[in-house]
Amino acid sequence: MKKLFADGSLLFVAFIWGSTFVIVQNAIQTLPPHLFNGIRFLLAAIILSLFVGKKGNKFITPKLMKAGTFLGFFLFIGYAFQTVGLIYTTSSKAGFITGLSVLIVPILAIFYLKEPPKLIVFISAGFGTVGLYFLTLAGISQINFGDLLILICAIGFAFHIVFTSKFTGQHPALPLTIIQLLTVSLLSFLSSFAFEKTSVSLNHVLHGDVIFALLITSIFATAIAFYIQTKFQQFTSASRVAIIFAMEPVFAAITAFFVLNERLSIYGLIGCCFIFTAMITTEIPKLAKREPKQTNHI
């Protein structure tokens with residue numbers, strides 16, 4: 001029951017990320033991406049800090065600080081390289097390559113989590129990858145510099161999923177989430193200072209689209225989403241989490257349909273079906289293990 005609830009909660013996280021994609025895209029037209037992420041993750045950390053309570057300090061140990069900083073580093077790598085990579089490549093290719101973490105995670109899990117390699121996991125990951133390809137129609141025949149940056153982003157997200165599985169059962173979820181969000185915020189602010197030379201005024205920060213995006217993403221897509229991932233990933237496998245998160249572009253496409261009236265092509269629909277199939281495929285071994293009910297023959 002815990003595993004089912006965990007999978008449902010993580011699917012809800014994928015829904016949040018997918019449904020806020022359009023909001024973020026609009027906001028970073030006004031505010032530079034690294035600066036936006038710095039503010040977004042800082043606000044999320046502050047929001048979660050309000051729920052720590054007076055006894056929260058006893059959970060802040062050197063081991064927790066190390067784990068949270070470690071997770072935050074890989075999470076920052078994912079966001080930072082995705083942001084820079086989008087300058088040099090298309091959104092569709094970026095979406096596909098980022099989704100390759102669905103294949104990377106099972107491989108990393110073998111080495112870092114000592115998970116035994118399972119054929120059904122790699123079959124599911126393959127279905128998910130094919131689905132992502134059809135959904136984004138990535139032109140992978142021509143690889144450019146931006147694509148390589150997005151690949152580093154995918155590796156960063158994959159490491160974050162794997163090590164979240166490793167640390168989530170060892171530390172309380174709330175302080176662990178706060179530390180990693182603060183790490184992403186700090187590294188994002190440093191990246192903005194180093195690489196984003198465009199002048200930003202208070203008017204940019206207080207722009208309506210930016211304020212709306214910061215409120216929605218900091219509360220739902222960051223504070224709530226990463227707390228849920230940190231809290232519930234201990235009840236499922238890292239490989240399954242990667243497959244569940246492959247639903248993010250599906251939810252993004254559904255949101256774009258309702259908000260922007262963008263319609264999925266036939267290839268997009270095929271891609272969605274493959275991703276759904278990937279999720280269902282991972283359940284086959286569980287169904288096979290269920291023993292049939294005994295019946296009395298007269």
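Both backbone and side-chain heavy atoms feed into the values below; hydrogens, waters and symmetry mates do not.
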*asked:* Please say yes or no: joined through hydrophobic side-chain contacts below 4.5 Å, possibly via intermediate residues, are Ile266 and Phe134 part of one cluster?
replied: yes
*For the residue pair Ala6 and Phe235, what are the closest heavy atoms and their distance?*
CB-CB, 3.8 Å
*Other residues, nucleotides, ligands: >12 heavy atoms within 6.0 Å of Phe15 CZ*: no
*Roughly how far, to the nearest 0.5 Å, is the CD1 atom of Ile97 from the OG1 atom of Thr129?*
12.0 Å
*Can you tell if the side chain of Leu11 reaches within under 4.5 Å of the side chain of Phe251, non-hydrogen atoms only?*
yes
*asked:* Checking side chain to side chain contact (heavy atoms under 4.5 Å, CB included) between Leu42 and each of Leu186, Leu182, Thr222, which is the one that passes?
replied: Leu182
*Give a yes or no on whether the backbone of Gly38 and the side-chain of Ser185 come within a donor-acceptor separation of less than 3.5 Å.*
yes
*At their closest point, which heavy atom of Phe127 faces which heavy atom of Ala278, and how far apart are they?*
CB-CB, 3.8 Å
*Walk me through it: do Leu190 and His34 pass the test side chain to side chain contact (heavy atoms under 4.5 Å, CB included)?*
CA-CA 9 Å; Leu190 291 175; His34 286 305; over 6 Å; no
*asked:* Nearest 0.5 angstrom please: Met65 CE to His171 NE2, how far?
replied: 11.5 Å
*Please assess Val210 against Ile39 for the test side chain to side chain contact (heavy atoms under 4.5 Å, CB included), listing each intermediate value before the final yes or no.*
CA-CA 11 Å; Val210 174; Ile39 299 173; over 6 Å; no
*For the residue pair Ala221 and Ile16, what are the closest heavy atoms and their distance?*
CA-CG2, 3.5 Å
*Hey, does the side chain of Thr236 reach the backbone of Gln233 with a donor-acceptor pair shorter than 3.5 angstrom?*
no
*I would like to know whether Ile150 and Gln82 meet side chain to side chain contact (heavy atoms under 4.5 Å, CB included); could you show each step before the answer?*
CA-CA 5 Å; Ile150 299 293; Gln82 187 181 62; 4.3 Å; yes
*What pair of heavy atoms forms the shortest contact from Ala238 to Val162, and how long is it?*
CB-CA, 4.3 Å
*Taking the six-membered ring for Trp and the full ring for Phe, Tyr or His, determine whether the centres of Phe159 and Phe73 are under 6.0 Å apart.*
no
*asked:* Tell me if the centroids of the rings in Phe189 and Phe193 come within less than 6.0 Å of each other.
replied: no
*Would you check, one step at a time, whether the test side chain to side chain contact (heavy atoms under 4.5 Å, CB included) holds for Phe70 with Gln180?*
CA-CA 7 Å; Phe70 197 67; Gln180 62 176 307; over 6 Å; no
*asked:* Could you measure the distance from the CZ atom of Phe5 to the CZ atom of Phe232? Nearest 0.5 Å is fine.
replied: 4.5 Å
_As an exercise, state the distance from CG of Leu64 to OG1 of Thr69, rounded to the nearest 0.5 Å._
9.0 Å
*Expected output: side-chain Thr168 to main-chain Ser165 donor-acceptor under 3.5 Å*: no
_In one Ile/Leu/Val/Met/Phe/Trp/Tyr side-chain cluster, 4.5 Å: Phe167, Phe111_ = yes
*Give a yes or no on whether the backbone of Ala45 and the side-chain of Ser49 come within a donor-acceptor separation of less than 3.5 Å.*
yes
*With side chains defined as the heavy atoms from C-beta onward, is the minimum distance between Ser191 and Phe76 less than 4.5 Å?*
yes
*Give me the ring orientation class for Phe41 and Phe226: parallel if the planes are under 30° apart, tilted from 30 to 60°, perpendicular past 60°.*
tilted
*asked:* Checking the side chain of Thr20 only, and the main-chain atoms of Ile23 only, is there a donor and an acceptor separated by less than 3.5 Å?
replied: no
*So, do Pro106 and Glu115 sit near enough that their side-chain heavy atoms are less than 4.5 Å apart?*
no
*Side-chain (Thr83) to main-chain (Tyr79) donor-acceptor, under 3.5 angstrom*: yes
*Any chain of hydrophobic side-chain contacts (each under 4.5 Å) joining Leu4 to Phe12?*
no
*How far does OG1 of Thr217 sit from CZ of Phe212, to the nearest 0.5 angstrom?*
9.5 Å
*asked:* Just verifying a value: how many Å separate Ser101 OG and Ile243 CD1, rounded to the nearest 0.5 Å?
replied: 10.5 Å
*If you look at every heavy atom in Leu132 and Pro249, which pair is closest and at what distance?*
CD2-CG, 3.4 Å
*Compare every heavy atom of Leu71 with every heavy atom of His160, then report the nearest pair and how far apart it is.*
CD2-O, 3.3 Å
